[in-house]
2 protein chains.
Amino acid sequence: MERKNKAPSIKDIAEEAGVAISTVSNVINKKGMVTKKTSFKVLKAIKKLGYRPNIIARSLRTKKTKTIGVILQDISNPFGSHVIKGMEEVARKRGYVLILGCTFYDKEEENRQVNVLLSQFIDGLIFISGYDNNSLVERIHKKGLPVVVADRELNNKNIPSVLIDNKEAMIKAVDYLCKFGHKNIGYVTFGTEGQTTTRKRYLGYIEGLKKNNLPVKEEYIIIDESLRLKETDRTYDVMKNFIKGHRLPSAFVTLSDVNAFGLIKALKKSGLRVPEDISVIGFDNVYFSNFLDPLLTTIKQPKKLMGKKAMNLLIDIIEKKNIDDINIKLPTKLIIRDSVSYPAEDNIKI
Amino acid sequence: MERKNKAPSIKDIAEEAGVAISTVSNVINKKGMVTKKTSFKVLKAIKKLGYRPNIIARSLRTKKTKTIGVILQDISNPFGSHVIKGMEEVARKRGYVLILGCTFYDKEEENRQVNVLLSQFIDGLIFISGYDNNSLVERIHKKGLPVVVADRELNNKNIPSVLIDNKEAMIKAVDYLCKFGHKNIGYVTFGTEGQTTTRKRYLGYIEGLKKNNLPVKEEYIIIDESLRLKETDRTYDVMKNFIKGHRLPSAFVTLSDVNAFGLIKALKKSGLRVPEDISVIGFDNVYFSNFLDPLLTTIKQPKKLMGKKAMNLLIDIIEKKNIDDINIKLPTKLIIRDSVSYPAEDNIKI
DNA sequence: TAATAACATAAAAACGTTTTTTTAAAAGCA
DNA sequence: TGCTTTTAAAAAAACGTTTTTATGTTATTA
């Protein structure tokens, strides 16, 4: 009397409807020729048994999984989470599913993740803001797996990408400070190599100074690898320390908003006012930039849009749609708020 | 002369090594009996051809996909992204892969997502902070698919869950304000029904007042459904508006930190000081709570831990490990910073 | 030494689809 | 009518694994 409660298969439907398996398949996929009458019978059986195609079996046969892998460094970072948000939205709407892998800034982990995902499991891969592991991405690309790189500049223009112009954006930031008459502009970053974003932004900072006929002063450039991980916390610690005993510039540019947050906290705790004593400008326009005190002046990156564009591009490639440009460049914008003002008397020292 | 560049299959390995397919399988899975010698031959062939098992085919046979679905409302929310971070970490370490679905607070979307994931595709499902769609989760549970609910209280204690005690936590917040002598304590939330978190926290607020012999004053309770989406922005707008023309309490409790951020901005823009004029207490201990001005006093939720616990619980269930308790309760903690002080003269009105 | 047990491997079946091939019936045409 | 073409459906093959069953050695035992 007992009955196995297995999910019905296409075979069960075929039996129930009294037709062949292939006919059921044809009905499901609207392929081949099948009369209204048989189609109806099949549809009825499907409904009756509550049948759902097994996507694993389907994938095995079609070699398509409708699954897209996304590898990024840290999902809890506000930049990353907004990019993912855009990706997820597009994937879902286009019938794909998104699988997420975080590398936590670990190069080995990046390799491992790629290997996991590459096991003939995903239809395509998006790399977002990993290391400049050109060889890794190129290996995948050569293998024939559709891949898109987001927020990272590759030399190989054959690899599809979605980017902003980090250098140009950073020049904008420096220009803006110069308009206020700042002559001593510091820079806070966790590195100038490794990732194209950090490198290009640093280059933009340097070029911005040159463009405005300002000398590069090493003493105002803080490069600290340890900021990478707990970005805001560490920036606070490092800058708190830096502030005592160092000459300070009249303004700081930071690699990203989260660094700016830490910097501003450090400045305030040291008795300095922002922007009256020191101006600060961020990068990213993270949501909370607009709730800090002072509201943070920053460079806006279209985070969610970047995610959407990257996902659309990838799926277009997977589905062999016509594509005009595989290297998409997104605009940035200076968001003027309250953290920049005129320089105080030159070069404060506590 | 042309050669198909297909990935090698187990069959190719068998041929290369001169053994049967089943033997190769046994070597790969360390099952059955196979001599060192054959094993070596097989391993050599695997290496030579760069063979990797096709997980789709494996899944079809074993009925295990090593894939876990996670449904949450919004990945860009700092609470959600930290929970996911914890989940991803555990999943990865235990050999699973995480697929992500966002519902954006849309009940229909929630249903759709579940249906997508349920197509015999995932080994288990984690629901985090969705609507009180008891029936939905129970349907899944009854179907036999391992499921864990995080950050949401269900009546049915047979369904595994990982939670905090929202009510008790909120009472702590009210208690703390009362210790400072606050008699008029307001509450800001986007709803008191729908999600258990919002309901329980509201109940905690009410019970906290009672416990401290304070009357519930409707005039100080702001419930605004629109806060749900752009939480901080909307809270700012709504509270900015509320502040003019209303009597204000001497302190506010908020549903979550992101609401507190908006509230504080609104208070400041209205010329009020926090905490000198009005005290504010948040909920979540989002990373940026520690960089606001003033640093936000708040209730800490172990976000990442919640993600880890939920994922571990789910995988334990999937792998039929021994489990002592399927309803895990995580501790909360009051984090004392700078946004709470003694009440100013009673009841400010601008 | 012959029967049996243990071991190592091979062969075949199964998972649930899609795709290709085959078959049978109906329709079209000279 | 008899032959070809078209149409609809069935049957079989294939996808790449794991699992079950079968087979042939070698070792063990009486």
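Throughout, a chain's letter reflects where its sequence line sits, starting with A, and its residues are numbered from 1.
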- Take the protein atom CG of Asn54(A) and the nucleotide atom C1' of dA14(C), then report the distance between them rounded to whole Å. 13 Å
- Lys37(B) NZ to dT26(D) P, in whole Å, measures 11 Å
- Note on the structure: What one should report as the nearest heavy-atom pair of Val24(B) and Ile13(B) is CG1-CG2, 3.8 Å
- Query: To the nearest Å, how far apart are Ile56(A) CD1 and dT18(D) P?
  - Reply: 14 Å
- Message: Measuring to OP1 and OP2 of dA9(D), would you say a side-chain N or O of Thr38(A) lies under 4.0 angstrom away?
- Response: yes
- So what does Ser9(B) hit on the nucleic acid, given a heavy-atom distance under 4.0 Å: a base, only sugar-phosphate, or nothing? sugar-phosphate
- Task: Kindly give the heavy-atom pair with the smallest separation between Val162(A) and Val148(A), and that separation in Å.
- Result: CG2-CG1, 4.4 Å
- Heavy atoms under 4.0 Å, any strand shown: does Met33(A) hit a base, just sugar-phosphate, or nothing? sugar-phosphate
- Lys309(B) atom NZ, over 12 foreign heavy atoms within 6.0 Å: no
- Task: Give Thr35(A) one of three labels, base, sugar-phosphate or nothing, depending on what nucleic acid heavy atoms sit under 4.0 Å from its own.
- Result: sugar-phosphate
- Item | Nearest-angstrom distance from the residue atom NZ of Lys64(B) to P of dG16(D) | 24 Å
- Could a donor-acceptor pair under 3.5 angstrom be found where the side chain of Thr23(A) meets the base of dA9(D)? no
- Rounded to the nearest angstrom, tell me the gap between atom CG in Asn29(B) and atom P in dT17(D). 11 Å
- Message: On the side chain of Ser22(B), is there an atom forming a donor-acceptor pair with the base of dA10(C) - under 3.5 Å, no angle test?
- Response: yes
- Note on the structure: Shortest non-hydrogen pair, Pro302(A) vs Leu330(A), comes out as CG-CB, 3.8 Å
- Task: Could you say whether Asn26(A) or Ile21(A) is positioned toward the 5' end of DNA chain D, judged by the nucleotide with the nearest heavy atom to each?
- Result: Asn26(A)
- So which one's nearest nucleotide on DNA chain C is more toward 5', Lys36(B) or Ala57(B)? Lys36(B)
- Message: Can you confirm whether Lys157(A) is buried at NZ, in the sense that more than 12 heavy atoms of other residues, nucleotides or ligands lie under 6.0 Å from that atom?
- Response: yes
- Message: Distance alone, cut at 3.5 Å: any donor-acceptor contact between the side chains of Glu109(B) and Gln73(B)?
- Response: no
- Message: Rounding to an integer number of Å, can you tell me how far Lys11(B) NZ sits from dT18(D) C1'?
- Response: 17 Å
- Message: Please report the distance, rounded to the nearest Å, between NZ in Lys66(A) and P in dT18(C).
- Response: 13 Å
- Below 4.0 angstrom from OP1 or OP2 of dT18(C), is there any side-chain N or O of Ser25(A)? yes
- Task: Go through the N and O atoms of the side chain of Arg61(A) and the base of dT17(C), and report whether any donor-acceptor pair is under 3.5 Å.
- Result: no
- Message: Once you apply a heavy-atom cut-off of 4.0 Å, does Ser59(A) come out as touching a base, just sugar-phosphate, or nothing?
- Response: nothing
- Message: Under 4.0 Å from OP1 or OP2 of dT18(D): is there any side-chain N or O of Lys31(B) that close?
- Response: no
- Lys63(A) side chain N/O closer than 4.0 Å to the phosphate oxygens (OP1, OP2) of dG16(D)? yes
- Query: Could you state the CZ-C1' distance from Arg58(B) to dT18(D), rounded to the nearest angstrom?
  - Reply: 9 Å
